[in-house]
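What follows is one structure encoded as structure tokens, with my remarks underneath.
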Number of protein chains: 2
Amino acid sequence: MARAAGTKGQTRIQREKTEQILNAALNVFSTYGFRGSTIDQIAIEAGLSKPNILYYFDGKDTIHGVLLARLLESWLEPLEHMQDSDDPISEICAYVTRKLEMARDFPRESRLFANEILQGAPHIIDDLTGPLRALTQHKAELIQSWITAGKIAPLDPHHLIFSIWSTTQHYADFDVQVNAVLGPQSSDRFENAAAHLDHMFRATLKP
Amino acid sequence: MARAAGTKGQTRIQREKTEQILNAALNVFSTYGFRGSTIDQIAIEAGLSKPNILYYFDGKDTIHGVLLARLLESWLEPLEHMQDSDDPISEICAYVTRKLEMARDFPRESRLFANEILQGAPHIIDDLTGPLRALTQHKAELIQSWITAGKIAPLDPHHLIFSIWSTTQHYADFDVQVNAVLGPQSSDRFENAAAHLDHMFRATLKP
DNA sequence: AGCCTTCCTGACCATTCGGTCAAGAATTTT
DNA sequence: AAAATTCTTGACCGAATGGTCAGGAAGGCT
């Protein structure tokens, strides 16, 4: 009988094929969004037949769900990592750098997330109002404590976080536009972005 | 014979209906992207029958094309408006404010654009590498001249522009996430965002 | 009024889509 | 090797989708 999703106690073929399918699906979903993607596209991308895809996964929704679940985990992690420190400015800038690296190394995941949010987040709205909101609230309080201690400039912690999210993810989500404006991909693209963002957030945070 | 697109020398009904359709189509396309949207959805949203939609427009692509064309015009305008000034910091911050107001007042247009870019900008890639790139290059040189004159801090003009685009559009494109994190829409949402961005860019630009 | 043009729609069509199934191929187990 | 299990696919199905068309309804003009 066909098993789905789980990566536990499976045969070699199952592990390989599910990964192959998820990788292909990530390509497709991150480009066209959920409704704009088709199982046929995923099948072609994965080099498998459509029924074979459906042998490993219950349906289109399931594949998408697995990808989103994986994504959310890795999405929360960097923010969780930000903690109290003697040098909160560097702590925040380290978070910025980490987020930018993720935009560089996992652009498909970022675009999958962006597509989902743009379309009203129908599949992950509970994760947004639940875990994400709780974590963000918690970190906003941490930032507020730094403000109160006079270690960083007084600003709205939530909007600071939004600025970090938007500026870093921009390089993944709007990659096409960035390329169109800057011209052919140059290798120092991300280094320049990192330098700019570091300057910007240090200036913003300086008390 | 059915006319499409143009808003010139048309009957009253033509003007009303095409606008009605474009408005409905903007709702649908901005939410689901091009491939995820259907003519039936647009028809229902517009309160018209599907054949009636196709009486006024040649097809799904045409409607989408008209919306994108309108969008690009209004998209370039604020940036064009930024010009040389004795107080470049205020000039740039005025641009930020203008962009934020557009995110507040025209979120559907912003999301339509975001969807198009996310999906690889298939319909507007020429506008990006053409007019948008030229305008951005031109304004980047203006910013560079301010740097050379020592009026603002030395930074990468292009990445500064990206930061402005991303932070402001975030409030339209990621509206669902912002709401999820901040809780029910409060009226001062945009005022707080405006204050934060003003602080951030002033700090970033200070020589 | 009567005539002409514009506007509108039910019925229809070809294609695509998500998904099923029976039966055969490959692999693993005994 | 035989048996049992897992894997794969061509053919198929019902629903949705983009789009057409003939003919009728409504609006404008004299």
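Naming: A, B, ... by sequence-line order, numbering from 1 per chain.
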- request: Using the closest heavy atom to pick a nucleotide of DNA chain D for each, name whichever of A/R35 or A/I53 lands nearer the 5' end.
  value: A/I53

- prompt: Are any of B/Q14's side-chain N or O atoms less than 4.0 Å away from OP1 or OP2 of C/dC7?
  reply: yes

query: Checking side-chain contact (heavy atoms from CB on, under 4.5 Å) against B/I143, which of B/D156, B/L205, B/L160 comes through?
result: B/L160

- prompt: CG of A/D40 versus P of C/dG18: gap in Å, rounded?
  reply: 6 Å

message: D/dT6, OP1 or OP2 - any side-chain N/O from A/Y56 closer than 4.0 Å?
response: no

- prompt: Between B/T38 and A/L48, which has a closest nucleotide on DNA chain D that is more 5'?
  reply: A/L48

task: Output the single nucleotide from D/dT8, D/dG19, D/dC21 whose closest atom is nearest the side chain of B/K60.
output: D/dG19

A/Y55 side chain, from C-beta outward: closest of D/dT9, D/dC7, C/dT6: D/dC7

field: B/I39, nearest nucleotide to its side chain (from D/dT8, D/dG18, D/dT20)
entry: D/dG18

- request: Give B/K50 one of three labels, base, sugar-phosphate or nothing, depending on what nucleic acid heavy atoms sit under 4.0 Å from its own.
  value: base

query: Mind checking whether B/K60 and B/F34 have side chains closer than 4.5 Å, heavy atoms only?
result: yes

- prompt: Taking CZ from B/F29 and C1' from D/dG18, how many angstroms apart are they, rounded to a whole number?
  reply: 12 Å

- prompt: Would you say the side chain of B/I63 lies within less than 4.5 Å of the side chain of B/I53, judging by non-hydrogen atoms?
  reply: yes

task: Grab the CG-P distance between B/N52 and D/dA26 for me, whole Å please.
output: 14 Å

- prompt: Does CD in A/E141 sit with more than 12 non-hydrogen atoms of other residues, nucleotides or ligands closer than 6.0 Å?
  reply: yes

